[in-house]
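Inspection log for the structure reproduced underneath, given as structure tokens.
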Amino acid sequence: MSNSKYALLPIFSLVIFFGCGPSDEDFQILDTANKVVGASEPDEDGFIWQTEQFADIKILRYQIPGWEQLNKRQQALVYCLNMAGLSGRDIMYDQNNRYNLRIRHLLENIHTSYEGDRRTIGWDRFETYLKKIWFSNGIHHHYSNKKHQPEFSQEYFDHLLSSTSNKCNDELRAVIFDPAVESKKVEQDGSLGLVESSAVNFYGPGVTTEEAEAYFASIKVEGDRSPVEYGLNSRLVKTDSGEIVEEVYKLDGLYSDAIKEIIKWLKEAQNYTENNMQSIALAHLIDYYVTGDLEKWSLYNINWVKDTEGDVDYINGFIEVYNDPLGYTGSYETIVEIKDFEASSRMQTLMENAQWFEDHMPFMEEHKKSEVVGITYNVVNVAGEAGDASTSTPIGVNLPNSNWIRQVHGSKSVSLGNIVSAYDKASGGGMLAEFAHDEVEKKRVKAHGALAGKLHTAMHEVIGHASGKLEDGVETPKETIKEYSSTLEEGRADLVALYFLLDEKLVELGLMKTIEVGRAEYDSYIRNGMMTQLCRLELGDDIEESHMRNRAWVSNWCYEKGEAEGVIRKYVREGKTYVDVMNYERLRELFGELLREVQRIKSQGDYEAAKNLVEGYGVKVDLAIHQEVLERSEALGIAPYGGFINPQMSITRAESGEITNVEVTYPNDFTDQMLRYSSTLNFLPTVNKLN
Ligand code: ZN
């Protein structure tokens, strides 16, 4: 049959249903066979940030800035923590669904041994299905929680099975093909039965929501002011006699074989710790994995919070509970982090000069602090991720989750710097090319945009939020300007950053080499605030999120105030709207004027003025512009979800066993990395017999 004929049959599965057999579309050659889709152009240094795109997913890479600044011992520590993390990879698959590992093994087996034609539509669909499973650690979508439906036919699947001498029983086949089986990972509609309707593997067969809740209620100690995180590390099952018991994740418990590996690497990490507090925390974590005792998990967290001196940090354990419909059990995850040395030195410079900035604020004199102290903020760079944090990753982490530990002992909050910048680098190109108005602007953003963004963040956090004071007798902004306090404060910090980004002082301090960096930030900020950020909103919606609001009210206010003088020009070329900053010095003055006013509003608690500013410039969206932004960004075909290929580490050991060298490379093939992980970290081959 010809291609064109099949093009007339959009609902192809019907054809299979009626048994048209192996002549189906899946066996035809794909026009674009073996072409990588969606890879980005190499950057100035030849690095490719996005390697491919499939379904609604893009695959990105990140680098580890500062790796060379770690000494050999620290690099060995990172390596061991990373191996500990990766050793638990399969736990996450099994937690997500009890069929995940079996299905993944089967598909991987087919993938590595199939000797038939790999240029067909069916193979492409098969590979996409497997990649989706790798991306989300299982058969369900990581975000929507819905089951991935394969697009290849059952006939094609049978062909793959028979050509590779694999078998698939009816139970497993239904899990793969029948939309009604294991249909949703986490069910949040209580009327459907939270436990009964969720496909996650935190509850064994036959356990009801009622029984699970009753069990958890029974183990809680009333009035305990330092409660453990009940149920965090176990699967709830029903015994033959109908009793509900916990199968604890621990050595010699559930997932023992993977946990044994995790413990092995954490123990080796002990040889390379940077300080005593780090060793103590790590020892508690090992104890916890050995015993499964949640008191030891609390102890670990208390000590981990105090472990702030080293350049290397990590999270490792069963942590976030949102995959459990009842919110008790943690998903396995690891992130290994190293200090962002560049951001730290930038922060140090700003801290030392905080008073200079305060003295030179465009504020009214009575709103300046006579003694200001900069605010520290934490940026780290990721060196490796696994489990729930991979391949889809958070961009910031704030832990521990235990409330009483946070209150009594504090918490650690970090932003994952290299992940954020990898996202920017991968996606920025297309949006920039589409929305920047001319070559000069594009060149400037390409040359200086990355530093401009980092400087903006540092100024915003260290100087912006720390600056200014309230007038005597004025209550806190939460009480005076209420619902506008958060967007006003974020806008105030942005304005501080913008105001000084065009100041020679930053060049003098060595934070940037040229004022062009500031200009690049002005271009990006205005373009984003007036236009591009609208691509994140649905047509017709108001702007709600406080940062998005402040970018809008800052940009729109300046556009309006400078319109008569032509400070920012808005024009249409070939049916497309562009904004163009025409006068940077004058725009800086406008930022200063607005900053002075916003500080006045905060210092005096002027609710009406806050409301007028935010409602007047930061909430409503011009429908025509919004529609245009959506159309232009959709046409770029940028996938909404991103996941990352991890750097690859290999080591050299001395005869004593000591790690003497760690080599980092940046692989660029997602499939290769996943297949290698699956074959080298295959620690739970028989776990399904337990379920
Ligand atoms: Zn802020």
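Atoms within each ligand, like the ligands themselves, are counted from 1 in listed order.
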Any N/O/S of Glu461 under 2.8 Å from the Zn ion (ligand 1)?
-> no

Test item: side-chain donor near acceptor, Arg549 and Ser486, under 3.5 Å = no

Cation-pi check, Lys58 to Tyr641: give yes when NZ or CZ is under 6.0 Å from the six-membered ring centre and within 45° of the ring axis, no otherwise.
-> no

Just by distance, with hydrogens left out, do Ser331 and Asn323 show a side-chain donor and acceptor under 3.5 Å apart?
-> yes

Is the Zn ion (ligand 1) less than 2.8 Å from at least one N/O/S atom of His460?
-> yes

Do Asp494 and His456 have side-chain atoms, one donor and one acceptor, less than 3.5 Å apart?
-> yes

Which angle, to 10 degrees, forms at the Zn ion (ligand 1) with NE2 of His465 on one side and OE1 of Glu490 on the other?
-> 110°

